[in-house]
There are 4 protein chains.
Amino acid sequence: MSNTKDIILACARDQYLTDGYKGLSMRKIAEKAGISATAIYRHFNNKEELFHRLVKKGFGTYTQYLIPALDEPTAELRFKKTMANALNFILEQPKYFELIFVKSETKDELVNFDDLRIDSKISFDFYTARITECISEGYLKDDNPSEISVLLLAAYTGFFALYTSGLLPRSKADIEALYWRTIDRILNGVVA
Amino acid sequence: MSNTKDIILACARDQYLTDGYKGLSMRKIAEKAGISATAIYRHFNNKEELFHRLVKKGFGTYTQYLIPALDEPTAELRFKKTMANALNFILEQPKYFELIFVKSETKDELVNFDDLRIDSKISFDFYTARITECISEGYLKDDNPSEISVLLLAAYTGFFALYTSGLLPRSKADIEALYWRTIDRILNGVVA
Amino acid sequence: MSNTKDIILACARDQYLTDGYKGLSMRKIAEKAGISATAIYRHFNNKEELFHRLVKKGFGTYTQYLIPALDEPTAELRFKKTMANALNFILEQPKYFELIFVKSETKDELVNFDDLRIDSKISFDFYTARITECISEGYLKDDNPSEISVLLLAAYTGFFALYTSGLLPRSKADIEALYWRTIDRILNGVVA
Amino acid sequence: MSNTKDIILACARDQYLTDGYKGLSMRKIAEKAGISATAIYRHFNNKEELFHRLVKKGFGTYTQYLIPALDEPTAELRFKKTMANALNFILEQPKYFELIFVKSETKDELVNFDDLRIDSKISFDFYTARITECISEGYLKDDNPSEISVLLLAAYTGFFALYTSGLLPRSKADIEALYWRTIDRILNGVVA
DNA sequence: TATGAATGAGTATTCATTCAT
DNA sequence: GATGAATGAATACTCATTCAT
């Protein structure tokens with residue numbers, strides 16, 4: 001429960017959240033943390049490892065956004081709350097979202113990928129579990145639950161990619177409304 | 001129509017396509033182009049501008065993938081061909097896709113954003129036009145065409161983001177099949 | 001007779017023997033010794049002193065290679081056994097040899113040089129003693145024993161310098177044979 | 001015939017000659033050369049290459065010391081002049097000698113070793129040629145010329161190793177006289 | 001148009017060492 | 001005796017950019 005380690009991670013996250021990957025340098029992290037650059041190496045072997053831990057923390061944060069949905073009484077409500085929580089994660093932690101879902105620029109750093117895949121699977125499985133119970137409850141068509149997870153996650157991540165790219169130049173409120181209409185279209189189809 | 005300018009852009013693109021943004025350096029571009037690093041500055045004021053032009057070219061390439069869909073005889077076929085072409089773009093030009101759709105890492109470079117938004121709008125409008133005529137033809141429900149474009153683009157970009165992140169660990173063939181099933185679910189809905 | 005002190009020295013030696021002077025760092029020594037880097041400073045004031053002790057130990061080891069030659073019955077045999085033992089030291093402890101005979105790179109560290117010179121003199125005197133008794137016994141010409149020591153040591157160290165530099169690209173077996181032919185030429189001269 | 005390149009090499013040599021390998025840093029070389037550290041990389045790809053060129057220059061310098069011996073009229077005189085010139089090289093360029101003959105600390109850097117071996121072979125062959133003609137002329141016993149080269153080079157390099165190690169604590173003049181007596185003993189043997 | 005030389009700020013990382021505990 | 005945390009200086013090297021030619 002080293003405090004400095006957490007501070008470093010927090011600063012690294014903050015720096016990544018504002019400056020992106022390009023701006024993530026040991027020096028700047030250290031400066032933000034109020035320690036020397038070399039002190040970081042007492043806590044992390046190298047930048048790669050530090051970033052890896054950061055991504056792990058990202059997945060952890062995401063999961064913590066999703067889990068409260070389990071408090072809802074029915075499968076349908078749990079599903080909808082999950083989508084709502086996911087939206088909140090996008091809106092409140094946009095760079096964290098990017099870190100864990102987009103991160104194509106930084107894939108090289110993720111050497112120990114199996115390790116992270118497990119983390120990512122947790123959130124993916126959370127979706128699948130929600131969908132499975134929605135099918136059981138008769139709210140969703142009988143279909144392959146994990147593929148529906150893919151559909152929802154794809155729409156979800158794509159939505160964000162478009163949004164942060166500036167290709168969906170709307171206000172937060174508009175985005176929220178559009179998000180729900182989009183979910184609705186997915187649920188009910190667009191074909192006549 | 002300076003030849004060297006085009007060569008530089010082509011080399012920058014190649015380098016970006018293989019090494020990602022981190023590997024995009026003036027020096028390496030120059031080396032690939034067989035000129036000196038400083039010679040680049042005859043053609044582009046700085047790296048920012050060069051990258052900007054690169055993104056522009058990315059949009060152009062994407063558009064060129066879409067356009068052949070217009071040869072199809074009916075609105076529905078033109079729509080489906082558009083989705084097929086978009087898939088091909090993903091599979092054949094993954095880094096280009098990333099460059100123009102994901103690129104959150106590089107947003108800083110996009111100073112002249114209005115300029116690029118026009119380019120991006122072209123492809124977005126292409127979708128919208130296809131959807132509009134599908135609605136006219138009665139193939140799709142009467143709905144807001146641009147919002148359906150958003151849905152499709154979101155699913156499309158999200159699909160790719162998941163894929164290149166390694167979060168959809170499937171073969172190209174599997175991805176293609178899954179893509180089509182996903183499109184199908186969007187078209188027909190998943191609610192019972 | 002602190003145990004940790006000896007362990008540190010042993011680890012420093014091992015590290016030097018494998019990685020050379022460049023690889024001799026307090027951190028790595030500590031890691032090898034299973035203690036913290038700072039713990040070394042309980043036993044040695046600084047790296048300089050530690051290295052100094054290491055060189056001392058090198059001379060000790062060298063002496064231990066030579067001494068068994070005293071078991072031989074005649075001066076000539078003791079002399080020849082000494083040369084044989086010296087060869088073994090080269091072949092079995094190349095880096096140790098380098099440490100104590102070449103070590104020009106590290107002369108700065110040898111602050112307390114008088115101290116080491118005494119150690120080195122012991123082995124030098126061992127040669128001289130062998131030669132003196134060979135002259136007494138009539139095996140060697142009447143000559144200045146210490147200068148003949150210089151000749152033999154020079155040939156000996158030079159032989160090794162050439163060998164480890166890769167300038168004598170031969171196998172161990174070839175080197176051994178060449179060494180003896182070289183000793184022979186020294187003993188008997190090359191002039192017609 | 002870039003001037004800066006030569007200046008850099010000269011400064012690197014000077015720095016090596018005074019500070020040894022440990023003190024050979026790009027920064028210090030640059031400082032000595034009056035340029036920025038990075039400017040070095042315009043002329044050498046990296047430290048390894050720079051050092052490699054330095055060693056090459058060392059061999060060249062050594063060869064230039066030896067060659068004038070060819071002006072002597074007889075094989076015996078050419079041989080003796082060669083030994084004299086070699087001594088001068090030791091006395092005048094001690095660190096250069098060390099650089100090219102001892103350099104065990106830096107062998108790792110010599111990746112392109114074949115390249116350097118050719119250079120070193122030139123000087124070795126020079127010895128062998130002198131000895132071969134001495135045998136022809138009847139001055140030296142009929143023997144293997146290259147092995148006698150080894151003997152002489154070994155004695156020569158060993159002599160220096162002992163000298164620079166401080167194990168031969170004599171003045172330059174004494175060293176010179178001792179050197180010649182040593183050569184003499186090699187030529188005529190020490191056995192009674 | 002193009003080049004070669006140079007720069008200064010930046011990169012990650014290693015090092016010997018100190019200090020409070 | 002020993003540790004963990006931290007430091008400041010050093011390391012080799014890369015970068016985008018400028019300038020004189």
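Throughout, protein chains are lettered first and strands after them, A, B, ... in sequence-line order, and every chain is numbered starting at 1.
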Nearest to the side chain of [X] - [options]?
{"X": "C:S25", "options": "F:dC13, E:dA16, F:dT17", "value": "E:dA16"}
{"X": "B:H43", "options": "E:dT3, E:dT1, E:dT13", "value": "E:dT1"}
{"X": "D:M26", "options": "F:dT18, F:dT3, F:dC13", "value": "F:dC13"}

Whole-Å distance separating the [atom1] atom of [X] from the [atom2] atom of [N]:
{"X": "C:R27", "N": "F:dA5", "atom1": "CZ", "atom2": "P", "result": "13 Å"}
{"X": "D:F51", "N": "F:dA12", "atom1": "CZ", "atom2": "P", "result": "13 Å"}
{"X": "C:E48", "N": "E:dC15", "atom1": "CD", "atom2": "C1'", "result": "15 Å"}
{"X": "B:I40", "N": "F:dC15", "atom1": "CD1", "atom2": "P", "result": "12 Å"}
{"X": "B:R42", "N": "F:dT17", "atom1": "CZ", "atom2": "P", "result": "15 Å"}
{"X": "B:F44", "N": "F:dA16", "atom1": "CZ", "atom2": "P", "result": "14 Å"}
{"X": "A:L24", "N": "E:dG10", "atom1": "CG", "atom2": "P", "result": "16 Å"}
{"X": "B:E31", "N": "E:dG4", "atom1": "CD", "atom2": "P", "result": "13 Å"}

Using atom C1' in both nucleotides, what's the gap between E:dT1 and F:dT21 to the nearest angstrom?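 Taking atom C1' in both E:dT1 and F:dT21, they lie 13 Å apart.
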
Result for 5'-nearest mapping on DNA chain F, choosing between A:S36 and C:I35, is C:I35

When the nearest nucleotide of DNA chain F is assigned to B:N46 and to D:N46 on a heavy-atom basis, which residue is associated with the more 5' position?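 Its nucleotide being nearer the 5' end, the pick is D:N46.
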
Which value, rounded to the nearest 0.5 Å, describes the distance between C:L24 atom CG and C:I29 atom CD1?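 Nearest 0.5 Å value for the CG-CD1 distance: 4.5 Å.
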
Could you give the distance from CZ (C:F51) to CZ (C:F44), rounded to the nearest 0.5 Å? 13.0 Å

Answer yes or no: side-chain N or O of D:T38 and base N or O of E:dG8 forming a donor-acceptor pair under 3.5 Å. yes

Correct closest heavy-atom pair for B:L50 and B:L9 would be O-CD2, 3.9 Å

Which pair of heavy atoms, one from B:T4 and one from B:H43, lies closest together, and at what distance? CG2-NE2, 3.5 Å

Is the shortest side-chain N/O distance from C:K28 to OP1 or OP2 of E:dC15 below 4.0 Å?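 For E:dC15, OP1/OP2 do have a side-chain N/O of C:K28 under 4.0 Å.
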
In the strands shown, is E:dT21 matched to any nucleotide by a Watson-Crick or G-U wobble pair with both distances under 3.5 Å, and which? F:dA2

Salt bridge (Lys or Arg N to Asp or Glu O under 4.0 Å) against D:K56, all qualifying residues, sequence neighbours excluded: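 Once residues adjacent in sequence are excluded, the partners of D:K56 under the salt bridge (Lys or Arg N to Asp or Glu O under 4.0 Å) criterion are D:D115, D:D119.
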
If you find the nucleotide of DNA chain E closest to A:A37 and the one closest to D:A37, which residue's nucleotide is nearer the 5' end?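 Residue closer to the 5' terminus by nearest nucleotide: D:A37.
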
With nearest nucleotides of DNA chain E determined for D:G34 and A:Y41 from heavy-atom distances, which residue corresponds to the more 5′ nucleotide?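 Nearest-nucleotide comparison on DNA chain E picks D:G34.
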
